[in-house]
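Down below is the structure, laid out as structure tokens.
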Amino acid sequence: MSVSLKPLKGFRDFLPETCAVRNYIFACWRSVAGRYGFSEWEGPVLEPTDLYRKKSGDEITAQLFNFEDKGEREVAMRPELTPSLARIVAREGRAFKKPLKWFEIGQCFRYEAPQDGRLREFYQFNCDIFGEASPAADAELVALAVDLVRELGFSPDEVTVRLSDRAAWVRFAEEAGLTDDRVTEFLQIIDKMERAKEETPAKLEALGISMEKVEAFMADPSGASEAIGAVVEDLTARGMADYITVDLGIVRGLAYYTGVVFEVFDKKLGKRAVAGGGRYDDLCELIGGRKAAMPACGFAMGDVVIASLIELTPKANAKLTEFLSKEYAPDAYVVVAAEERRADALALVQKLRTAGLRVDYAMVKTKIPKQFQAAEYLQARAAVVVGDSYPTVQVKRLADRSETEIAESALISTLEALRDPDLPPGTLLA
RNA sequence: GUGGUCGUAGCUCAGUCGGUAGAGCCCCGGAUUGUGAUUCCGGUUGUCGCGGGUUCAAGUCCCGUCGAUCACCCCA
């Protein structure tokens with residue numbers, strides 16, 4: 001009986017091509033987080049199930065990859081990164097100067113039905129600021145999110161950050177006379193409003209709130225929340241206003257959010273949210289007790305939706321291609337044109353590699369056309385032909401087939417020059 | 001958990017009224033013995049997802065089942 005060759009439902013095999021795309025996304029995440037002064041951390045993939053129960057309630061365990069370990073502990077694969085972070089900060093946060101700005105890239109797991117933009121395994125990029133209650137911290141995060149989508153090649157026509165404030169809705173609900181337990185219910189109705197237009201008025205009536213009043217509230221976001229105003233002002237000063245849409249329709253599902261919340265969406269393709277986050281000032285206390293209380297905000301971006309958006313957006317896709325060519329394509333493929341020169345070719349290969357160039361070659365005797373095919377298949381920038389005229393070698397730029405003969409000693413500088421993607425065609429024509 | 005669609009070669013798919021399975025791509029070899037894009041010639045590749053039923057005969061019709069995918073639910 002043979003084993004299934006497919007990965008488990010909702011899991012992925014990262015073959016070199018998709019692995020490279022994943023690494024590109026990671027590289028953008030790291031680069032932007034670094035520019036914003038965030039430090040990278042990493043937590044465990046497996047946590048006690050209670051960590052997630054405590055935060056989100058029992059209903060969430062239905063979508064957890066959880067089991068009992070051999071020590072009879074209830075454990076769960078992490079479905080997100082924030083609880084681990086809150087746990088760590090509750091325990092060790094005092095040792096760090098505030099504000100604390102940390103990010104993590106981690107694989108997460110959720111036992112759900114896979115569909116477009118959603119798998120059972122995915123990577124999340126998580127950015128958090130602890131110890132700063134001012135909207136300036138929320139703005140810093142939104143700015144980071146904006147720079148992230150910019151870095152990936154998206155314009156304000158393609159992507160927007162929808163900005164809202166959960167606290168404004170809580171005040172609205174309280175003024176309408178709702179008791180605490182009804183507020184959560186109310187927030188869920190608002191959250192679903194966009195998807196369930198028809199049922200919303202009736203649901204609101206059941207709570208004694210009119211649709212008209214809700215619509216009037218949403219129509220004037222500036223009056224609804226000072227925090228939103230402060231964040232918008234901050235982002236305008238940064239020149240990012242064109243990426244921002246104030247939209248009180250964003251509430252964010254269940255959860256622990258206490259103030260400003262935001263989600264990043266594409267404008268044209270109607271995919272699910274690319275990223276989302278907000279302020280969660282109560283979570284540290286909830287997990288670590290009164291002594292751990294600390295204001296906090298954060299957001300996360302998954303790799304799945306953003307990867308499909310990159311694929312479908314020409315400019316973003318071009319940036320990806322440029323990165324792949326720069327980071328992965330061999331600088332040279334050494335063609336062994338005369339087998340008796342193999343020792344010289346090997347010496348040359350190692351010399352180039354030591355100089356930091358990416359170099360490949362055929363390990364065993366191979367017909368020359370095959371070697372060129374291999375070079376092209378690997379998208380090498382140049383073929384270096386080692387033959388009878390060694391130490392003079394032939395360098396051929398594969399993109400335009402221009403070629404020249406040079407001394408082996410001049411090879412490194414020539415190959416380094418070929419790395420420049422803007423080099424005009426025919427450069428090597430002797 | 002519920003529903004729609006789809007499962008045929010490594011990949012993308014065609015397959016009419018039920019009549020004994022095909023194309024393109026890929027791959028391999030050759031035209032071309034020291035130079036990769038085109039072209040031409042030749043070649044390999046099948047549990048038609050699986051199980052049952054109807055029939056002289058099933059890739060095709062029926063039932064079941066598994067898988068993929070999309071949507072609902074949920075979305076931390």
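Naming convention: chains lettered A, B, ... in sequence-line order (proteins, then strands); numbering from 1 in each chain. All of these numbers come straight from a predicted model, not from anything done at the bench.
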For this session: Pick the P atom in B/G15 and in B/U55, then give their distance to the nearest Å.
Result: 28 Å
Problem set entry | Residues which pass side chain to side chain donor-acceptor pair (under 3.5 Å) with A/D360, listed by chain and number, not counting sequence neighbours | none
Problem set entry | Length of the CD-P vector between A/E17 and B/C11, whole Å | 16 Å
Exercise. Between A/F122 and A/F109, does the ring centroid distance fall short of 6.0 Å?
Worked result: no
Exercise. Expressed as a whole number of Å, how far does the C1' atom of B/G34 sit from that of B/G42?
Worked result: 26 Å
Seminar exercise, completed: Rounded to whole Å, the OH-C1' distance (A/Y333 to B/G36) equals 11 Å
Exercise. With sequence neighbours excluded, what pairs up with A/R150 under the salt bridge (Lys or Arg N to Asp or Glu O under 4.0 Å) test?
Worked result: A/D147
For this session: Kindly indicate, with the supporting measurements, whether the criterion salt bridge (charged side-chain N to carboxylate O under 4.0 Å, His left out) is fulfilled by A/K271 and A/D266.
Result: CA-CA 7 Å; A/K271 300 266 180 193; A/D266 80 88; over 6 Å; no
Exercise. Just checking, is any N or O donor in the side chain of A/N66 or A/Y111 under 3.5 Å from an acceptor N or O on the other one?
Worked result: no
For this session: In whole angstrom, give me the gap between the C1' atoms of B/A9 and B/G49.
Result: 14 Å
Seminar exercise, completed: Separation of B/U2 atom P from A/E112 atom CD, nearest Å, is 17 Å
Exercise. Do you know which two heavy atoms are closest between A/E132 and A/P295, and how far apart they sit?
Worked result: N-CG, 3.8 Å
Problem set entry | Residue list, side chain to side chain donor-acceptor pair (under 3.5 Å) with A/T179, at least two apart or on another chain | A/D181
Problem set entry | Contact pattern, 5' to 3', of nucleotides 28-35 of chain B - B, S or - by protein heavy atom under 4.0 Å | -SS---BB
For this session: Take atom OH of A/Y377 and atom P of B/C27, then tell me their distance rounded to the nearest Å.
Result: 8 Å
Problem set entry | Under the side chain to side chain contact (heavy atoms under 4.5 Å, CB included) test, residues paired with A/L346 that sit two or more places apart | A/R342, A/Y361
For this session: Rounded to whole angstrom, note down the C1' distance from B/C66 over to B/C41.
Result: 44 Å
Exercise. On a plain distance test, is the side chain of A/R401 in donor-acceptor contact with the base of B/A37 below 3.5 Å?
Worked result: yes
Problem set entry | Distance between C1' atoms of B/C48 and B/C70 (Å, rounded) | 25 Å
For this session: Can you sort out the partners of A/P7 under side chain to side chain contact (heavy atoms under 4.5 Å, CB included), two or more places apart, ordered by chain and number?
Result: A/F11, A/D13
For this session: Calculate the interatomic distance between A/Q107 atom CD and B/A76 atom P; express it in whole Å.
Result: 20 Å
Problem set entry | Separation of the C1' atoms in B/G46 and B/A21, to the nearest angstrom | 9 Å
Exercise. So, does the side chain of A/Q63 form a donor-acceptor pair with the base of B/A76 at under 3.5 Å?
Worked result: yes
Problem set entry | With sequence neighbours excluded, residues passing salt bridge (Lys or Arg N to Asp or Glu O under 4.0 Å) with A/E17 | none
For this session: With the side chain counted from C-beta on, respond yes when A/F323 and A/Y328 share a heavy-atom pair under 4.5 Å apart, and no when they do not.
Result: yes
Problem set entry | Close residues, residues 294-310 of chain A, relative to RNA chain B [heavy-atom separation under 4.0 Å] | none
For this session: Consider only side-chain N and O atoms of A/R279 and A/Y257, and report whether a donor and an acceptor are under 3.5 Å apart.
Result: no
Seminar exercise, completed: Stems field, RNA chain B, Watson-Crick or wobble, 3.5 Å, at least 3 pairs, by first number, holds B:1-7 with B:66-72, B:10-13 with B:22-25, B:27-31 with B:39-43, B:49-53 with B:61-65
Seminar exercise, completed: Across all chains, not counting sequence neighbours, the side chain to side chain contact (heavy atoms under 4.5 Å, CB included) partners of A/E112 are A/Q63, A/R110, A/R118
Every protein N/O lying under 3.5 Å from an N/O of nucleotides 66-71 of chain B:
| unit_1 | atom_1 | unit_2 | atom_2 | d |
| --- | --- | --- | --- | --- |
| B/G67 | O2' | A/K6 | NZ | 2.9 |
| B/A68 | OP2 | A/K9 | NZ | 2.9 |
| B/C70 | OP2 | A/D116 | N | 3.4 |
| B/A71 | OP2 | A/D116 | N | 3.2 |

Problem set entry | Between B/U60 and B/G22 - C1' atom distance, rounded Å | 15 Å
Problem set entry | Pairwise C1' distance, B/C75 and B/G1 [rounded to whole Å] | 16 Å
Problem set entry | d(CZ, A/F65; P, B/C75) in whole Å | 19 Å
Problem set entry | Flag for A/S325-A/Q379: side-chain donor and acceptor within less than 3.5 Å | no
Exercise. Considering residues at least two apart in sequence or located in another chain, which fulfil the side chain to side chain contact (heavy atoms under 4.5 Å, CB included) criterion with A/V75?
Worked result: A/L46, A/F67, A/D69, A/R73
